[in-house]
Amino acid sequence: MVQVTVDPLTRIEGHYRINTEVNEEGVITDAQSNGLQLRGFERLLQHQDPRDASLLSQRICGVCPVSHGIAAANALDDLFGVAGEVPIDGLLMRNVHQALNFIASHAAHIYLLWGPDLANPAYRDILAKYGDVGNAVWKELQGRFAPLIYQLDGTSYPAGSSYLGSIVEFRRLHEAISLIASKMPHPVLQHVGGVVYSPTVADIGQILSYITKTMEFVEAFTLGVSPDIWIENTYRASSPQKAANFVLNHLQELLNKSLDNKDFSHSAGWGDVPLFAAFGSELIGEKLLGLPISMKMDLAGTYKDPGKIGFLSYGVFFKPENGNGYDPTSPADSRVISSGYMNGYFKLEKFDYKKISESINHSFYIDDVKDRPPWNGVTVPEGNPENIDYTKGSKSRYSWTKAPHYDGIPCEVGPLARMIIMGEPLVTGLVKTFQDNGYYPVNNYTRMIARMQEILVVVPELTKWLTQDIQAGGKVAVHTDLSMAKSSTGMGLWEAPRGALGHWVATGPDSMVTLYQAVVPSTWNLAPRNSQEIPSPVEQALIGTKISAAENALGVDYSNPLGILHTARSYDPCLACAVHTIDKTGKHPDYIIKVL
């Protein structure tokens with residue numbers, strides 16, 4: 001047995017590592033997910049004016065501050081008793097704000113954080129077994145996804161074309177956010193009762209021009225076909241089977257043209273998604289399309305016991321046809337991407353927020369009660385440094401991250417959970433295809449396809465809100481004053497790009513905060529074991545995964561653990577959401593916060 005630790009695992013926001021035990025066959029037999037720092041925002045927000053939460057909580061993360069700002073504003077709407085009155089144009093502005101952040105965050109993850117592992121030299125050696133065709137595919141992987149600093153055998157190579165192009169789009173989308181929200185990160189748009197800015201006609205036109213430019217990148221680099229054609233035949237397909245067949249037929253047509261001339265370039269129609277879709281999966285590539293080799297990512301990152309995993313979405317994007325106001329409990333029919341809970345056997349159930357709790361059995365917190373709902377959350381950190389040890393194994397405490405669960409079951413959250421819960425045709429069709437062929441359909445391959453597809457789901461909705469629904473200069477907020485928050489409670493349920501995000505807040509007779517709890521995507525996906533000793537989603541997905549590339553195709557290489565990297569990074573880990581500050585002196589129970 002060999003212990004393999006990856007630290008840091010994340011390419012941004014360090015704070016996260018994975019400990020694994022790997023047997024002689026190169027199979028991971030145990031895993032611990034370690035959050036390496038305390039999140040202190042629950043303590044930091046105590047005794048504050050609750051109206052500051054939509055600004056302060058954004059500092060939890062620099063990648064998805066928009067999501068925290070909206071989740072906090074939603075919680076404050078509930079706390080102040082105005083959720084049912086927020087003007088429709090204020091809700092649409094939250095939609096637009098969040099949609100731009102979704103697209104930017106997904107692009108960053110696909111191209112800058114997860115994609116560079118496709119240029120790992122292990123794939124050069126594996127694909128070389130397929131002769132000239134394999135070498136041509138490797139040339140494309142390296143030429144598209146290599147990061148800024150990239151060397152092979154002592155030789156430096158330039159960054160990939162898709163990698164560099166995505167940086168331009170990331171900047172463009174942040175400029176679009178800044179247009180209506182002052183700046184990015186940490187914009188200043190969200191507020192209790194709505195938003196603080198109503199767009200002009202010029203603003204709307206400028207945002208649409210930004211989206212048009214980004215879609216030009218999607219067509220030229222991501223898809224290789226018009227986004228309109230892709231959306232019409234997948235997101236708007238009449239059935240999941242037709243959506244899956246469209247993609248399979250498209251891949252077959254590309255292969256028919258390219259296998260002889262060995263041209264897998266962008267100019268030959270091989271967008272980044274088709275290239276990954278054909279060569280990333282054993283089922284799709286080898287069994288259905290007849291390729292002799294693939295990266296076999298559909299065999300890694302699966303769940304071995306469907307009874308111990310669920311999929312959860314709080315729902316995101318208010319439906320304009322519902323008019324002013326919204327229901328804070330997020331019933332299933334109230335948002336464009338719906339709320340819902342789906343068990344590990346893919347049975348959909350009605351979402352009930354009262355089934356959410358967090359465990360601290362394996363976390364560095366002190367509380368006699370090991371399992372609490374957010375309404376009653378307690379955040380008291382372990383204060384003895386000698387008790388903070390990440391190396392004592394699965395039966396110990398080993399993370400600063402709490403362990404959320406839904407009715408006792410750990411849940412995967414994020415694009416794949418959202419797409420299967422809403423019944424998105426392409427992802428649903430792929431799930432059925434994998435099921436029909438004896439594969440567990442949740443794996444590293446479908447997790448990444450779902451993230452790519454969600455961009456194509458969000459864009460037409462965003463365009464509709466801007467061109468048909470939102471009124472320039474319209475009313476975007478209702479009046480509130482602090483007295484309305486006296487001795488009250490509020491809950492904000494939303495979706496960050498990485499998954500389900502909830503903020504809970506309570507106030508005392510002076511209207512100041514007495515409780516604040518944030519249950520964030522990375523605590524759902526990357527938690528330690530819960531109080532029932534059930535491993536978290538990432539831990540379950542790692543156990544049973546082979547440690548090296550393409551199911552150990554080149555043998556076991558403990559020094560290049562691509563199995564760990566692909567699987568853990570497929571959840572888009574961003575531990576800034578899950579961990580944060582600590583006052584080691586214990587001398588500063590009350591803080592003065594200055595928002596910059």
Side-chain angles (χ1 to χ4, degrees), residues 9-13 15-16 33 35 39 41-42 57-72 74-75 98 101-102 104-106 108-110 113-114 185 301 309-317 330 335 337 339-342 351 353 356-358 374 399-406 409-421 442 447-448 450-451 454 458 491-504 517-528 530 536-541 567-580:
L9 186 134
T10 44
R11 284 193 162 95
I12 56 170
E13 302 291 357
H15 329 146
Y16 182 56
S33 174
R39 179 179 69 201
F41 275 78
E42 286 87 348
S57 65
Q58 290 184 51
R59 272 66 184 176
I60 289 176
C61 181
V63 180
C64 53
V66 172
S67 310
H68 283 285
I70 295 177
N74 290 349
Q98 184 63 85
N101 178 233
F102 255 61
S105 182
H106 284 353
H109 180 245
I110 292 167
L113 306 179
W114 194 86
I309 191 68
F311 306 94
L312 182 68
S313 169
Y314 290 162
V316 63
F317 303 126
S330 190
R335 299 186 184 179
I337 294 179
S339 65
Y341 170 77
M342 185 174 278
F351 167 64
Y353 70 90
I356 298 167
S357 288
E358 286 190 299
S399 178
W400 284 105
T401 304
K402 297 181 181 179
H405 53 84
Y406 185 88
I409 300 296
C411 292
E412 175 173 340
V413 298
L416 181 55
R418 288 193 289 263
M419 294 297 97
I420 59 176
I421 287 170
V442 172
R447 208 169 276 129
M448 292 308 300
R451 194 177 304 276
E454 192 169 54
V458 170
M491 173 182 67
L493 299 176
W494 196 244
E495 287 282 318
R498 289 165 178 78
L501 172 63
H503 284 210
W504 283 260
Q517 291 290 315
V519 183
V520 308
S522 287
T523 48
W524 279 103
N525 287 330
L526 310 175
N530 69 10
S536 66
V538 72
E539 292 174 333
Q540 292 187 47
T567 295
R569 287 174 178 165
S570 72
Y571 292 90
D572 197 4
C574 185
L575 267 288
C577 281
V579 294
H580 270 285

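At least one side-chain heavy atom of His68 sits under 4.5 Å from a side-chain heavy atom of His503. Considering only heavy atoms from C-beta on, Arg498 stays 4.5 Å or farther from Asn525 through its side chain. Looking only at side-chain heavy atoms (C-beta outward), Ser357 and His405 come within less than 4.5 Å of each other. Side-chain contact between Val538 and Trp524: absent, with no pair of heavy atoms (C-beta onward) separated by less than 4.5 Å. Under the 4.5 Å side-chain criterion, counting only non-hydrogen atoms from C-beta, Ser33 is not in contact with Thr401. Contact annotation: the side chain of Tyr314 approaches that of Ile356 to within less than 4.5 Å [non-hydrogen atoms, C-beta and beyond]. Within the 4.5 Å cutoff, side-chain heavy atoms of Tyr341 are placed close to those of Ile409. Taking 4.5 Å as the limit, every side-chain heavy atom of Val66 sits out of range of all side-chain heavy atoms of Phe102.
Annotation for Ala417 and Phe311: closest pair CB-CB, 4.0 Å, computed over non-hydrogen atoms. Across all their heavy atoms, Gly499 and Pro521 have their closest contact at O-CG, 3.3 Å. Among all heavy-atom pairs drawn from Pro497 and Gln98, the shortest one is CD-NE2, 4.2 Å. When every heavy atom of Pro528 is checked against every heavy atom of Lys402, the shortest pair comes out as CD-O, 3.7 Å. For Cys64 against Ala496, the heavy-atom pair with the smallest separation is SG-CB, 4.5 Å. Among all heavy-atom pairs drawn from Ser105 and Asp572, the shortest one is OG-OD2, 4.4 Å.
Remark: Asn74 pairs with Arg94, Tyr326 by the side chain to side chain donor-acceptor pair (under 3.5 Å) rule, at least two apart or across chains. Judged as a side chain to side chain donor-acceptor pair (under 3.5 Å), and not counting sequence neighbours, the contacts of Tyr571 are Tyr303, Arg447. Taking Arg418 as the reference, Glu454, Glu495 meet the side chain to side chain donor-acceptor pair (under 3.5 Å) condition, with sequence neighbours excluded.
Trp494 and Phe317 have perpendicular rings, their planes meeting at more than 60° on a 0 to 90° scale where under 30° would count as parallel.
Between the side chain of Glu358 and the backbone N or O of Pro374, no donor-acceptor pair lies under 3.5 Å. A donor-acceptor distance shorter than 3.5 angstrom exists from the side chain of Ser339 to the backbone of Ser330, with no hydrogens or angles considered. His109 places a side-chain N or O within 3.5 Å of a backbone atom of Arg569 that can act as its donor or acceptor partner. Proximity of a side-chain donor or acceptor of Asn530 to a complementary backbone N or O of Pro404 within less than 3.5 Å is not detected.
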For a side-chain contact (heavy atoms from CB on, under 4.5 Å) check, start with the C-alpha distance between Leu526 and Ser536, then their side-chain angles and the critical distance, and finish with the verdict.
CA-CA 6 Å; Leu526 310 175; Ser536 66; 6.0 Å; no
In sequence, state the C-alpha distance, the side-chain angles, and the governing distance for Leu416 and Met448, and then conclude on side-chain contact (heavy atoms from CB on, under 4.5 Å).
CA-CA 8 Å; Leu416 181 55; Met448 292 308 300; over 6 Å; no
